[in-house]
Amino acid sequence: MAQDDKSSGETITAEAARDFIRDIVKTDLDAGRIKQVVTRFPPEPNGYLHIGHAKAICLNFGIAEEFGGRCHLRFDDTNPAKEEQEYIDAIERDVRWLGFDWGKHLYHASDYFERLYGWAEDLIRAGKAYVDDQTQDEMRASRGTLTEGGQNSPFRGRGVEENLDLFRRMRAGEFPNGARVLRAKVDMSSGNINLRDPVLYRILNAPHPRTGTQWKIYPSYDFAHGQSDAIEGITHSVCTLEFEDHRPLYDWFIANLDVPSKPHQYEFARLNLTYTVLSKRVLTELVRGGHVTGWDDPRMPTLAGLRRRGVPPEAIRDFIKRIGVAKANSTVDAGQFEFSVREALNKTALRRMAVLRPLKVVIENYPEGQVEELDAVNHPDDPAAGVRKIKFSRELYIEQDDFMENPPKKFFRLSPGTEVRLRYAYFITCREMVKNAKGEVTELRCTYDPATKGGNALDGRKVKATMHWVSAAHSIAADVRLYNPLFNKPDPSGTENFAAVLNTNSLEVLGGARLEPVLSEAKVEQPVQFERQGYFCRDRESTSNRLVFIRTIGLRDTWAKDQAKEKAAG
RNA sequence: UGGGGGAUCGUCCAACGGUAGGACUCCAGACUCUGACUCUGGCUAUCUAGGUUCGAAUCCUAGUCCCCCAGCCA
């Protein structure tokens, strides 16, 4: 996946175009309008990357890869008031983790501040930009409304020399924040508000993560973006729909400035996901307001959160590939993402047994003190993953959900008198229940059939259920964290007060889980399947005396689903 | 009522004047030492109304609905 400059003569190995942007790229390549496609992913370092950014990353880097071009990582760092080094570092880390490499093409809009400044002076000299002394309120008032054009600023007619002088003094730091701005002289009567003399530079006396205190004025997004694209030779500047009506302005700068190349902007619909919010503003509030533990809280849709949650990067790439790219606003069902996560995890996660909510089982006819080692396969679809030994003894734990005193007809796990298989071990039959004062079942007394060792009956008899288990004395304790959606509404972004739709039950901690001992060697972020339950990974908050596991996602559970359905049906 | 976009199964995406197709979901079944995985079968869609055409999701006309824009944010 290295992104390196390839000679233009190289064969294009792109697959058939799969979306309208790839169509355009292919057409431009075939028509010889460009020799090599050059894209860029241009994050502003004012927050962490989320799964919505993954769509843009996969699109830009993907196109470059498929068509033999290159993709730049460029920080759009034109607003030091909001940007931080922490975010810059996190963004680089997350793009790499997702699986992309910008090679030597790491850039910053701030790398171009001097050239941008020069172009601004060019515009002034050409009579196409002026320094405006109006206050912010005055500018707002004279900008007009959606249905009416604006009024020209009283400073619009300033002479070139005066503009130049004022602009240079803005740069020199002679004026306080907000005192003046440099505006392009376009068209105050335009129906497109972006063309009503947009601001090019504002006075902002704030230290910049990269340029320090060198600059007192900073270019606006509109003035910086297209020209940065032109400097880098970007051929296809891909962005989201809300910039569609900025395109005329983008083109205006490219047409009116002496730029080294002529990039074009194309827009696609950003990603929306049910039950989650992909707005940096809201995500930032979740973090700052303490609603989550940080940007990498496993409940967050950030790449850092997903990574900690145990979601592999290939699952995200697969998801993005499946949802496609178009111009229609849409909201993808979170289930679609979960599908990709399960699919990726199923292929790679090693299988282990873990009892999340233990119920003690005593095998009455199993000799006290005896311990047997049994073979358990590590991955059912991958013999190369091998087998491991697990220990069986007289006292075991099974899952509380796997036992019902008064089961419904379709329940085929353990209940009084029934026989089930303990995976890789023996058939056991429940003989009696031990209850506490409250009448709750606290222990099961069972018997096992020695002739079913390994899990198969010599007489060929069948059982309807196979259950996971651990040996009480040969298992280890752990905390297990289960997560639910952060929001309790399918479209939380439709609410103005997101706190009202916050799911107060998004984290559930199980304090008494019992795991196979090998799980103590699990690595952080390395996926493992707890059989019959889901995919988990060790969390970095584990300590030497307390393991912490995170549930990435549960296995599909048709039994639970059918139960819920019946319950709902009454 | 300014400007810019968009409407196709429940959801997401195709079809570029020639049989509306795929994925997810859902439903039914098979298989199973994970009620997982896998496999088989199935349901469901062209915003509306006109028009052009042998033939329209696609072209034309008129509507309807949805999204974005009035930061010295990006």
Contact check, residues 166-174 of chain A vs RNA chain B, heavy-atom distance under 4.0 Å, returns none
Using only heavy-atom distances, determine whether the side chains of A:D137 and A:T135 contain a donor-acceptor pair under 3.5 Å. no
To the nearest angstrom, the CD-C1' distance between A:Q265 and B:G5 comes to 13 Å
Letter by letter from the 5' end, nucleotides 67-74 of chain B scores (B base, S sugar-phosphate only, - none; protein heavy atoms under 4.0 Å) SBBBSBSB
Heavy-atom count around A:Q151 CD within 6.0 Å, excluding the residue itself: above 12? no
Check: Using the P atom in both, what is the distance from B:C16 to B:A56, to the nearest Å?
Finding: 15 Å
note: A:D333, atom CG; B:U25, atom P; distance rounded to Å ~ 9 Å
Here the residues of residues 271-281 of chain A within 4.0 Å heavy-atom distance, strictly under, of RNA chain B are none
Would you mind classifying the nucleic acid contact of A:Y218 as base, sugar-phosphate or nothing, using non-hydrogen atoms under 4.0 angstrom?
nothing
message: Could you check whether A:Q134 and A:S153, counting side-chain N and O atoms only, form a donor-acceptor pair closer than 3.5 Å?
response: yes
Those residues at least two apart in sequence (or on a different chain) that pass ring pair (Phe, Tyr, Trp, His ring centres under 6.0 Å) with A:F487 are none
Open item on the list: Under 4.0 Å, heavy atoms only, any strand: does A:T331 hit a base, just the sugar-phosphate, or nothing?
Closed with: sugar-phosphate
5' to 3', nucleotides 34-41 of chain B under a 4.0 Å protein heavy-atom cut-off (B base, S sugar-phosphate only, - none) gives BBSS----
Those residues at least two apart in sequence (or on a different chain) that pass ring pair (Phe, Tyr, Trp, His ring centres under 6.0 Å) with A:H50 are A:H53
A:S190 meets the side-chain hydrogen bond (donor to acceptor under 3.5 Å, both in side chains) criterion, sequence neighbours left out, with none
Check: Looking across every strand, which nucleic acid part, if any, lies under 4.0 Å from A:V325 by heavy atom: base, sugar-phosphate, or nothing?
Finding: sugar-phosphate
Query raised in the report: Should the ring pair A:Y221 and A:H246 be called parallel, tilted or perpendicular, given that the plane angle runs from 0 to 90° and is split at 30 and 60?
Result: perpendicular
With sequence neighbours left out, the residues meeting salt bridge (Lys or Arg N to Asp or Glu O under 4.0 Å) with A:D245 are none
For A:Q529, the side-chain hydrogen bond (donor to acceptor under 3.5 Å, both in side chains) test, sequence neighbours excluded, returns A:Y535
Sorted by chain and number, sequence neighbours left out, ring pair (Phe, Tyr, Trp, His ring centres under 6.0 Å) with A:Y201 holds for A:F167, A:F223
* Asked: Taking the six-membered ring for Trp, are A:F530 and A:F549 parallel (under 30°), tilted (30 to 60°) or perpendicular (over 60°)?
  -> tilted
When rounded to whole Å, the NZ to P distance for the pair A:K565 and B:C26 reads 8 Å
Hits for salt bridge (Lys or Arg N to Asp or Glu O under 4.0 Å) against A:D133, two or more places apart or cross-chain, chain-then-number order -> A:R158, A:R180
| task | Considering only atom C1', compute the distance from B:U46 to B:G4 and round it to an integer number of Å. | result | 25 Å
Residues at least two apart in sequence or cross-chain that pass salt bridge (Lys or Arg N to Asp or Glu O under 4.0 Å) with A:R532, listed by chain then number, are A:D402
